[in-house]
Amino acid sequence: MKKIFFFLLLLGCFCLVHAQTNNVYISVAMPSDCPLDSNTKSILKNKILQMLSAEGVAGTECGAIIMVPEVNIINSNSIHGGMRQILSVELGITVTVRNMITNTVFNAMQIASKGEGYSDNEAKCSAINKIDVLNTDYSRFVEATKLKISDYYRNNTIALITKANTLASQQLFDEALALLSTYPESLLGYTKVSNAMTSIFKKCQAQYCTQILLSAQAAYSKHDYAEAAELVSMIDGQSSCVEQAKALLNSIKKGMDKQYNDIIAMEKEKIRSDECIKSAQIKAIKDIATAYFKRQTEYVFFW
């Protein structure tokens, strides 16, 4: 059943509304070697999210466009205070906004902050807490970055599509879809990007189609008609093995009672819906891209 759940997640018919947006979206990712503890990382992540949210560009999921804070300890010393020593820490934070796949850096800024505490972690946490997210320098930085990102994508649409197609030709479908998945929908080039994503997804889907069909045939050979029907119903009507799927579906029908035949009929109606197929593609592409981002080891997403 785990296989069924995976394919349902990937190719299931999720009829969702896919709205156009007017902004780019920036996710927050921490370097895997960040010297902060988990609690302080979360505080820093939330600080950055507030900066992005103020300009309406906060991405609350994994994405290719990321804001990355690289934390360095500039100075650290002890201060005698009563019965216990107090540790003073000065942090220098280099914040870059980049595309994590192409490694293109759109913009960068420096943040300096000091903190005190009875331990190293407390002092670092104090320094992070003192960052004023309402500082107008940060809002200007985010606004300028948004424009740079839009300009980059507008000027590199064809190059990005070419790179994605090259990745797809190397069977790196997830990376190809991830590369294109965060292209700003408000730009005129989005139609070309969307068409490229659909084309790549169909190539990717061909692999999954074969896997699903093999699983369905195995279930059918065991007379597990319910599971076989469930698997066949997940095969997109535009897949390369759709004719084989139809043939298997007809065989399954003969071995099932009326209740199961009714279930198959309903599933076939879902498959026929072009709108639902498009929505399923969008959802599947998003899932594939998100899974790719989460597998990366250089950055950590806190979602």
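Values below: all heavy atoms of this structure, side chains included; hydrogens, waters and symmetry mates excluded.
- When each of T145, V133, V142 is tested with L52 by the rule side-chain contact (heavy atoms from CB on, under 4.5 Å), just one qualifies, namely V142.
- Checking each of N103, T104, N107 against R98 for a side-chain hydrogen bond (donor to acceptor under 3.5 Å, both in side chains) leaves exactly one that passes, namely N103.
- Taking every heavy atom of both residues into account, A176 and A168 meet most closely at CB-N, 4.1 Å.
- Put simply, the side chain of E116 reaches to within 4.5 Å of the side chain of K130, judged on heavy atoms.
- A donor-acceptor pair under 3.5 Å is formed between the side chain of S181 and the backbone N or O of A178.
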M197 vs Y190, side chain to side chain contact (heavy atoms under 4.5 Å, CB included): CA-CA, chis, key distance, verdict: CA-CA 10 Å; M197 283 194 292; Y190 182 75; 3.9 Å; yes
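- For the pair P69/K45, no side-chain contact is recorded, criterion being any heavy-atom separation below 4.5 Å from C-beta on.
- Judged by distance alone, the side chain of K203 and the main-chain N or O of S169 form no donor-acceptor pair under 3.5 Å.
- Y225 and I252 get closest at one heavy-atom pair: O-CG2, 4.0 Å.
- Of the possible donor and acceptor atoms, none in the side chain of S150 sits under 3.5 Å from a partner among the backbone N and O of L147.
- Distance check: F293 CZ to E175 CD gives 9.5 Å after rounding to the nearest 0.5 Å.
- A pairwise comparison of heavy atoms in A245 and L213 identifies CA-CD1, 4.0 Å as the closest pair.
- Hydrophobic clustering, with ILVMFWY side chains joined whenever heavy atoms are under 4.5 angstrom apart, keeps I158 apart from L180.
- E55 places a side-chain heavy atom less than 4.5 Å from the side chain of S139.
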Start with the C-alpha gap between N75 and V89, add the side-chain angles, then the distance that decides, and say whether side chain to side chain contact (heavy atoms under 4.5 Å, CB included) holds. CA-CA 6 Å; N75 192 24; V89 172; over 6 Å; no
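- One finds the OG atom of S126 at 9.5 Å from the CG atom of L91 (value rounded to the nearest 0.5 Å).
- Taking both residues in full, the closest heavy atoms of C62 and S27 are given as C-OG, 3.8 Å, listed atom of the first, atom of the second, then distance.
- Rounded to the nearest 0.5 Å, atoms CD (E298) and OG (S32) are 7.0 Å apart.
- The number of heavy atoms from other shown groups lying within 6.0 Å of NZ (K114) does not exceed 12.
- Looking at Y183 and T157, their side chains do bring a donor and an acceptor atom within 3.5 Å of each other.
- If you check the side chains of T40 and D37, you find a donor sitting under 3.5 Å from an acceptor.
- Considering only heavy atoms from C-beta on, L167 stays 4.5 Å or farther from F173 through its side chain.
- Each of I74, I73, N77, N72 was scored for a side-chain contact (heavy atoms from CB on, under 4.5 Å) with E90, with one residue passing: I74.
- Note on R140 versus E143: no salt bridge recorded, every NZ/NE/NH1/NH2 to OD/OE distance being 4.0 Å or above.
- For the residue pair E70 / T94, no side-chain donor-acceptor distance below 3.5 Å is found, with atom types taken as modelled.
- For the side-chain contact (heavy atoms from CB on, under 4.5 Å) criterion with V97, the lone passing option out of V105, I66, I149 is I149.
- From T290, atom OG1 reaches atom NZ of K294 across 6.5 Å, with rounding to the nearest 0.5 Å.
- A donor-acceptor pair under 3.5 Å is formed between the side chain of S119 and the backbone N or O of E122.
- Here the side chains of K163 and T102 are in contact, with some heavy-atom distance below 4.5 Å.
- Aromatic ring orientation, Y152 versus F106: perpendicular (interplanar angle above 60°, classes split at 30° and 60°).
- One distance of note links CG of N155 with CG of L160; it measures 10.5 Å at 0.5 Å rounding.
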Side chain to side chain contact (heavy atoms under 4.5 Å, CB included), that's the test. Do C125 and I128 meet it? Break it down for me. CA-CA 5 Å; C125 186; I128 297 301; 5.8 Å; no
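- Hydrophobic clustering places M51 together with L134 (ILVMFWY residues linked when any side-chain heavy atoms are closer than 4.5 Å, directly or through intermediates).
- Counting only heavy atoms from C-beta outward, the side chains of I93 and S113 never approach each other to under 4.5 Å.
- Using a 4.5 Å cut-off on side-chain heavy atoms (C-beta onward), L87 and S76 make contact.
- Here the straight-line distance linking atom SG of C34 with atom CG of L44 works out to 7.0 Å at 0.5 Å rounding.
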Checking side chain to side chain contact (heavy atoms under 4.5 Å, CB included) for the pair M30/V68: CA distance, chi angles, key distance, verdict? CA-CA 6 Å; M30 295 286 174; V68 184; over 6 Å; no
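- Annotation: side chain of E227 is not in contact with side chain of Y220 (no heavy-atom distance under 4.5 Å).
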